[in-house]
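Structure record follows, encoded as C-alpha cells.
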Amino acid sequence: MHNETKVTPQQQPDKEQEGKKELVSRRKVLASLGMAGVALASSGLVGGALSTAYADPAERRKKVKDLMVENLLVYTTIAELRTLSNQDTESLYYVTDTGQEGMFRFNSANTVSADNGGTILVSASGARFERIFDGMVNVKWFGAKGGGSHDDTIAIQKAIDAKQGTVFLPKGRYLTSAPIVVQTGDSLVGEGPEVTIIEKTTVTAASLGTRTMWSAVDNYNVDAVIIALAPNDDYVRYLHIEGIMAKRGATPTTLPKNASYCFYAPRIYFLTQKNVEYRHADTGYYTANAWMVTLERVSSRWVTKGFVCGDYDAQGGGGTSHTVTSCWAGACEKWAWKINVSYSNFIACGADYIGYNPDNPPEYVYQLRGVALTLTGCGTEEARGTLLSVYDMPAMGLASSVNVVGFMTYNYYGDRTAPGSYVISVKNNSMLTLTGGDLKVVSNANAKFAEVANSSKLLINGLTSNLDYMDDSEIVCTNLGEASISGAKMKSLTHGQEQRDSYSTNGSINIVGAWDKALLKFTDSTSRQASHLWVDASGSLRIKKGAEPASDSDGQVVGEQNVRRGTSTQSASGSQSQFLIAHGLGSTPSYYNVTPASSLASGIQYIEADQTNIIIYYSAAPSVMSNGLMWKWEARL
C-alpha cells in the first residue's frame, strides 16, 4: 500500500520550546521508512552501518538518520516513556537507551500486559507500549549486558518469559547467579559457543519444587545453568538451543562440581540442540524420560560426567528416537556417555581424556542400555575405565540389544585400578554386537577382554584387536553367557587365528583345522590351569589339560577325560609274576580291564588297581623274553 501524502520536515523548535518532543503520525513515518526501515529502527541499527531504509516507490527513499533529524519520531528513554501521560495511537516512540534502542507504539486495546522491560513497557497511567520488531527477541532489550561483569540472570529470564519468539543472545559473556528456566516452545540462539557464553557464577540451586508424571517425581531444585521445566503430567516440548556455551564458574573453574548440571531436563521430547558446549559441572548434559531428541555438534567438557541420555536409573527414565551426530565428551572423570535410550542412533561421537583423575576413578567410557540402540563410527582416545558396558533395564523389564559398528580406540588403557576388570561387559540377558572397527588396548595386565554373564551374548564380526582372548585377556562367560567370534582378527596368530572360522561357548563350536591350525585355549580363572581344545585328523574333538599338545593325537577325546586306555609292552625275567601298568587317572578307577595281546601274556590269574596303577598277577612267572608281554588295557573313574 502506498501513501501519496508528501512528508515535510517539522519546523525546528524555538528556544522556549527547546526540549519538547514533536509527535508525528505513524502513517507518515511508515510511508517514509517502509516496513523495512521500521524493522531497522526497532532493531537498534539506525545508528549503525545499515544507514539507508528503502520505501516504496524508489523515488521516496529516505535515510533513517535523516528522518530522525527531521523530528519525524518521538525520541524518548524507557524511564521517560513510563511517565508519559499524553500518548496516542498515531504516534511512534523511539527508545534511545543504549542496547535497548527500538521503536514502540501505544496499543490502546492492550490493558492487561505486564511491563517486561523489553518488548512491553507500561506507563504510570497504564498505557501499554509495544516494541515493533521483526525477528528474534534480543536479551539486551531487557537489560542484559553480556560484558562479563553484570548479573544478567533477570534480563535473560525476562526475554525468555516474554514468549514472543526466538531469544537471541549476541556475542558476549552473560553472568548468571541462578538457573535459567526454559519451557515448551522456547528457543535460545547465540552466535556460537566460543563467543556467546552463559556462565553461572554461584552454586545457587533453583527453587522450582517437583513435578510428577504418572508415578515418577522429578526434582527441579537443582544447581544448573539451564533447566527445562516441565508442567505436571506433561513434557517440555519443542525446545531449541543453538550457538551458545553454558558453563559454571570461570576457567579454571572456581566452583565445586558437586551435583551440578549445565543442562538439566528430566522430562522432554522434540528437543534440538546444535553447536552447543557445556563445561565445568558435575554433569554436562542430562535428560531422563527423553524422546525424539536431535543433537548435532554438542560437546561436554571438563565435567565429572559427560552426557546422560535418558537416565534409566532415574524415576521414569529412558526414552527413544535419539539422533546424535558429531558430539563429543572430553576430559570427563567418571564417564563420557551414559546412553539409556532405544531405537536411537549415535553417529561419529567421541570420548577423549576420560577417567584421568586418580582421586575419582572412572566407571566406564560408554554405558549402553536400550533396544535397537546403534553406535556408528564412534570411539575413544586417552581413556580409562570399562570401555563398553551393556546391561538390562530392570525397571522396564527389558534386556538391552546394542549394535556397535566401526568402533575405534587410541591409547585406551582399560582400568589399571581394578585387577580383573574387563574392556567389555555384557550382563543380564543383554546382547552386544561388535562389527568392524579397531579395538586396541595399551598393555595392561589387569584388563581382560570381556565378561559375558547371565544369559547374555557377545557377537563379534570383523573386529581387529591386540588382545588375546585365549590367554590372560580372554572372554569370560559365566551363568550361560555366550560369546561368538566370526572373521575377527585378534591376537594369538601363532595358534592359527587367521584360520579360525568362529568361536563360541555355551553354544555351538565350529573349528576348522587341527591341533596346529585352530587350537582353542581356556584358562580357569581360579587355578589358572589351561585346557586346549582341537579337532584331530579323524574328526574327533580332543582336549588336553596343562601343556599345549605336541601332536594331533595328544590328550583325550572329549567326553573321555576320565577314561584311559592303551597298549603296554614289557619284558619277562622268568622270575617276576607281578606287573604294573600306570593308568594316569590320579585316583583308583571304578572300572578297569586288561586283555592279553601276546601268547606270553596269557594265563593271567587276576588284576587289581590303586590310585596309580593296574596290577597284573600271574600264578607262575612268564618265561624270559624281551618285550614278550603285551596287554591292551582300559581304566575309568
Side-chain angles (χ1 to χ4, degrees), residues 136-137 139 156 159-160 165-169 174 176 179-200 222 224-230 235-248 260-303 305-311 317-330 332 336-341 343-351 375 378:
M136 295 186 287
V137 176
V139 294
I156 295 173
I160 295 169
T166 297
V167 175
F168 175 60
L169 294 91
Y174 299 86
T176 59
I180 298 298
V181 179
V182 291
Q183 295 176 284
T184 290
D186 286 340
S187 178
L188 301 184
V189 174
E191 295 192 65
E194 292 296 328
V195 295
T196 297
I197 301 169
I198 301 175
E199 182 178 314
K200 187 171 184 288
V222 297
V225 183
I226 299 173
I227 294 177
L229 178 64
Y235 293 81
V236 174
R237 293 167 289 171
Y238 299 102
L239 174 65
H240 178 77
I241 299 177
E242 181 176 351
I244 68 169
M245 178 190 295
K247 59 186 287 191
R248 292 177 73 258
S260 59
Y261 304 84
C262 287
F263 176 77
Y264 179 79
R267 195 187 314 147
I268 193 165
Y269 67 81
F270 290 116
L271 166 69
T272 61
Q273 293 193 12
K274 183 177 182 180
N275 296 342
V276 177
E277 183 164 321
Y278 300 117
R279 291 187 185 181
H280 304 316
D282 181 67
T283 303
Y285 169 96
Y286 179 89
T287 62
N289 200 349
W291 314 80
M292 311 297 177
V293 172
T294 300
L295 306 181
E296 182 179 352
R297 295 192 297 276
V298 178
S299 66
S300 187
R301 304 168 64 187
W302 293 306
V303 295
K305 305 157 189 172
F307 289 82
V308 180
C309 303
D311 192 7
T320 68
S321 307
H322 284 47
T323 302
V324 181
T325 306
S326 300
C327 294
W328 182 57
C332 306
W337 292 91
K338 184 177 184 179
I339 302 173
N340 295 176
V341 293
Y343 324 129
S344 299
N345 290 277
F346 289 72
I347 304 164
C349 293
L375 272 63
C378 299

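This one's a predicted model, so the numbers in the text were calculated from it and none came from an experiment.
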Discussion item. Return the CD1 to CG distance between Ile268 and Leu229, rounded to the nearest 0.5 Å.
Written reply: 11.0 Å

Worksheet item: How long is the span from the CD1 atom in Ile197 to the CD atom in Glu191, to the nearest 0.5 Å?
Response: 12.0 Å

Worksheet item: Can you list the residues that meet the side-chain contact (heavy atoms from CB on, under 4.5 Å) rule with Phe270, with sequence neighbours excluded?
Response: Tyr238, Met292

Discussion item. Once you measure the plane-to-plane angle for Tyr285 and Phe307, does it fall in the parallel (<30°), tilted (30-60°) or perpendicular (>60°) bin?
Written reply: tilted

Item to complete: Run the numbers on Ile160 and Ile180 for side chain to side chain contact (heavy atoms under 4.5 Å, CB included), then give the verdict.
Response: CA-CA 9 Å; Ile160 295 169; Ile180 298 298; 3.4 Å; yes

Item to complete: With rounding to the nearest 0.5 Å, note down the distance linking CD1 in Ile241 to CD1 in Ile198.
Response: 8.0 Å

Fill in: Value rounded to 0.5 Å, distance of CG in Leu375 from SG in Cys349
7.0 Å

Fill in: Beyond-backbone contact of Val308 with Tyr286, side-chain heavy atoms, under 4.5 angstrom
yes

Item to complete: First locate atom NZ of Lys247, then atom OG1 of Thr176, and finally report the distance between them rounded to the nearest 0.5 Å.
Response: 11.5 Å

Fill in: Student check: side-chain heavy atoms of Arg248 and Glu199 closer than 4.5 Å
no

Discussion item. I want to check something: taking the side chain as every heavy atom from C-beta on, are Tyr269 and Thr287 in contact at a cut-off of under 4.5 Å?
Written reply: no

Discussion item. Side chains of Ile156 and Leu169, heavy atoms from C-beta outward: is any pair under 4.5 Å?
Written reply: yes

Worksheet, complete the sentence: Tightest non-hydrogen contact, residues Ala228 and Ala265, listed as CB-CB, 3.7 Å

Practice prompt. Check whether any side-chain heavy atom of Pro179 sits under 4.5 Å from a side-chain heavy atom of Lys200, and report yes or no.
Written response: yes

Fill in: From Thr184, Val182, Leu188, Val293, residue fulfilling side-chain contact (heavy atoms from CB on, under 4.5 Å) relative to Leu239
Val182

Discussion item. When you compare the side chains of Asn289 and Arg267, does any donor N or O come within less than 3.5 Å of an acceptor on the partner?
Written reply: no

Worksheet, complete the sentence: Taking every heavy atom of Val189 against every heavy atom of Met136, the minimum-distance pair comes out as CB-SD, 4.3 Å

Fill in: Least distance between heavy atoms, Gly317 atom then Ala288 atom
CA-CB, 4.2 Å

Worksheet, complete the sentence: Of all heavy-atom pairs linking Phe346 and Cys378, the shortest is O-SG, 3.5 Å

Worksheet entry | Distance, nearest 0.5 Å, that separates CD of Glu194 from CE of Met245 | 5.0 Å

Worksheet item: His240 pairs by side chain to side chain donor-acceptor pair (under 3.5 Å) with which of Thr166, Thr272, Asp186?
Response: Thr272

Worksheet item: Of Cys262, Ser300, Ser299, which meets side-chain contact (heavy atoms from CB on, under 4.5 Å) against Glu277?
Response: Ser299

Worksheet entry | Phe263 side chain near Tyr278 side chain, heavy-atom distance below 4.5 Å | yes

Response to the item:
In short, His322 meets Val341 closest at the heavy-atom pair CE1-CG1, 3.5 Å

Item to complete: Side-chain contact test, heavy atoms from C-beta onward, threshold under 4.5 Å: evaluate it for Asn345 versus Val324 and give yes or no.
Response: no

Worksheet item: Mind checking whether Arg297 and Trp328 have side chains closer than 4.5 Å, heavy atoms only?
Response: no

Worksheet entry | Pair Tyr261, Asp282: side-chain N/O donor-acceptor within cut-off below 3.5 Å | no

Worksheet item: Name the one of Val181, Val276, Ile244 that satisfies side-chain contact (heavy atoms from CB on, under 4.5 Å) with Ile226?
Response: Ile244

